[in-house]
Amino acid sequence: MEFTSTEQGIVVLLEPGDEVLESLATVREAADVTGGFFTGIGAVDRATLGHYDTDTQEYTEETFEGQFEVTAFSGNVGPDKIHAHIQLAKRDFSTIGGHCSGARVSGTFEILLVPSGTTLEHELDERTGLDVFDLPE
């Protein structure tokens, strides 16, 4: 993994075998990012996707293995959490996607992390059962 800071944010380049979320956590710590948003593209050979059921307030997860193009990767970081969503394209051009709780790079993975300028901590929203931003008043 490599990363560099630019005027637009932090550009991250991941290599085969890198774990995407672990790498983002490393960059967050090294660059002292307490809040930000990210987007990226690349290729993975394993990803764990989740889907949140608002009725039961529970996630179901499934791990997929194969050759996938990452057609969309986005989310946010705070000091307490990385929240990511991912869309994967299969060889037949069909797609799957959802909450990303893990992904392993197979080719390359390029991310732009843009610091938000404010700390983005999360708190439990009792109404939805989800961790949401605890924004300053």
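Values below: all heavy atoms of this structure, side chains included; hydrogens, waters and symmetry mates excluded. Being a predicted model, the structure only gives us computed values, none of them experimental. Residue numbers start at 1 and run along the sequence shown.
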Novice: Do F73 and H85 have ring centroids that are under 6.0 Å from one another?
Specialist: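 For H85 and F73, the ring centres are not under 6.0 Å apart.
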Novice: Can you tell me how far CG of L130 sits from CG of L124, rounded to the nearest 0.5 angstrom?
Specialist: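 The CG atom of L124 sits 8.0 Å away from the CG atom of L130.
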Novice: Are L13 and L113 connected, step by step, through hydrophobic side chains (Ile, Leu, Val, Met, Phe, Trp, Tyr) whose heavy atoms are closer than 4.5 Å?
Specialist: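 No, no single cluster joins them.
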Novice: With side-chain contact (heavy atoms from CB on, under 4.5 Å) as the test, would you mind laying out the steps for M1 and V12 before giving the verdict?
Specialist: CA-CA 7 Å; M1 174 189 68; V12 183; 4.2 Å; yes
Novice: Give me the atom names and distance for the closest heavy-atom approach of Y59 to G50.
Specialist: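 For Y59 versus G50, the nearest heavy atoms are CD2-C, 4.3 Å.
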Novice: As an exercise, state the distance from CG of D80 to CG of L120, rounded to the nearest 0.5 Å.
Specialist: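 Reported value, rounded in 0.5 Å steps: 9.0 Å.
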Novice: Let's go through R46 and F68 carefully: what are the C-alpha distance in whole Å and the side-chain angles of both, what is the deciding distance for side-chain contact (heavy atoms from CB on, under 4.5 Å) to 0.1 Å, and is it a yes or a no?
Specialist: CA-CA 8 Å; R46 183 183 68 224; F68 303 105; over 6 Å; no
Novice: Just by distance, do the side chain of R104 and the backbone of A47 share a donor-acceptor pair under 3.5 Å?
Specialist: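 A pair under 3.5 Å: no.
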Novice: Given D92 and K90, is the salt bridge (Lys or Arg N to Asp or Glu O under 4.0 Å) satisfied, shown in steps?
Specialist: CA-CA 5 Å; D92 67 0; K90 300 178 184 180; 6.0 Å; no
Novice: Count I, L, V, M, F, W, Y as connected when their side-chain heavy atoms are under 4.5 Å apart, and connections chain through other members. Are I86 and F37 then in the same cluster?
Specialist: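 Different clusters.
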Novice: Could you grab the distance from atom CD of E123 to atom CG of D125, nearest 0.5 Å is fine?
Specialist: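 Rounded to the nearest 0.5 Å, the CD-CG separation comes to 8.0 Å.
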Novice: If every non-hydrogen atom of L21 is compared with every non-hydrogen atom of G102, which pair is closest and at what distance?
Specialist: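 So the two residues come closest at CD1-N, 3.7 Å.
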Novice: Of the non-hydrogen atoms in D18 and E15, which two are nearest, and what is the gap between them?
Specialist: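 Distance-wise, the nearest heavy atoms are OD2-N, 2.8 Å.
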Novice: Between T6 (side chain) and Q8 (backbone), is there a donor-acceptor pair under 3.5 Å?
Specialist: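 Yes, the answer is positive, given that a donor and an acceptor are paired below the 3.5 Å cut-off.
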Novice: Should V44 and L112 be counted in the same cluster of Ile, Leu, Val, Met, Phe, Trp and Tyr side chains packed under 4.5 Å apart?
Specialist: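 No; L112 is not reachable from V44 via cluster members.
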Novice: Please walk me through it: do I111 and V20 pass side-chain contact (heavy atoms from CB on, under 4.5 Å)?
Specialist: CA-CA 9 Å; I111 301 169; V20 176; 4.2 Å; yes
Novice: Decide yes or no for T119 and P79: does some side-chain heavy atom of the first lie under 4.5 Å from some side-chain heavy atom of the second?
Specialist: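 Heavy-atom side-chain distance check passes, below 4.5 Å.
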Novice: Which atoms form the tightest heavy-atom contact between G9 and P115, and what is the distance?
Specialist: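 In terms of heavy atoms, the two residues are closest at CA-CD, 4.2 Å.
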Novice: Nearest 0.5 angstrom please: L88 CG to T71 OG1, how far?
Specialist: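 The OG1 atom of T71 is 7.0 Å from CG of L88, to the nearest 0.5 Å.
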Novice: Answer yes or no: is there a side-chain heavy-atom contact under 4.5 Å between Q67 and R91?
Specialist: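 Side-chain contact under 4.5 Å: yes.
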Novice: Has the side chain of E19 got a donor or acceptor atom that lies under 3.5 Å from a matching backbone atom of V105?
Specialist: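 Checked: no pair found.
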Novice: Examine I96 and V70 and state if one hydrophobic cluster contains both, with Ile, Leu, Val, Met, Phe, Trp and Tyr joined whenever side-chain heavy atoms are less than 4.5 Å apart.
Specialist: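 I96 and V70: one cluster.
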Novice: What residues form a ring-ring contact (aromatic ring centres under 6.0 Å, His included) with H122, not counting sequence neighbours?
Specialist: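 If we apply the ring-ring contact (aromatic ring centres under 6.0 Å, His included) test to H122, skipping adjacent residues, the hits are F133.
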Novice: Hey, are T39 and S74 close enough side-chain-wise for a donor-acceptor pair under 3.5 Å?
Specialist: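 Note: S74 and T39 side chains miss the donor-acceptor criterion.
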Novice: Measure the OG1-CD distance between T95 and E69 for me, rounded to the nearest 0.5 Å.
Specialist: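 These two atoms lie 13.0 Å from each other.
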Novice: Should K81 and D131 be marked as a salt bridge (Lys or Arg N to Asp or Glu O under 4.0 Å) after you check the CA-CA gap, both sets of side-chain angles, and the distance that decides it?
Specialist: CA-CA 9 Å; K81 183 175 185 167; D131 289 331; 3.5 Å; yes
Novice: Please say yes or no: joined through hydrophobic side-chain contacts below 4.5 Å, possibly via intermediate residues, are F38 and V11 part of one cluster?
Specialist: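 No, F38 and V11 fall in different hydrophobic clusters.
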Novice: Let me confirm one number: the CD1-CD distance from I82 to E22, rounded to the nearest 0.5 Å.
Specialist: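 I82 CD1 to E22 CD: 9.5 Å, rounded to 0.5 Å.
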Novice: Determine the sole option in V27, V77, V114, L24 for which the side chain to side chain contact (heavy atoms under 4.5 Å, CB included) test with V33 is passed.
Specialist: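 Exactly one candidate clears the test, V77.
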Novice: Just by distance, with hydrogens left out, do S101 and E61 show a side-chain donor and acceptor under 3.5 Å apart?
Specialist: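 The answer is yes; a qualifying pair exists.
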Novice: For a quick test of reading the model, state the closest non-hydrogen atom pair linking R127 to Q57 and the distance between them.
Specialist: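 For R127 versus Q57, the nearest heavy atoms are O-NE2, 3.1 Å.
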Novice: Which pair of heavy atoms, one from L14 and one from T108, lies closest together, and at what distance?
Specialist: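 Shortest heavy-atom separation between L14 and T108 comes out as O-OG1, 3.5 Å.
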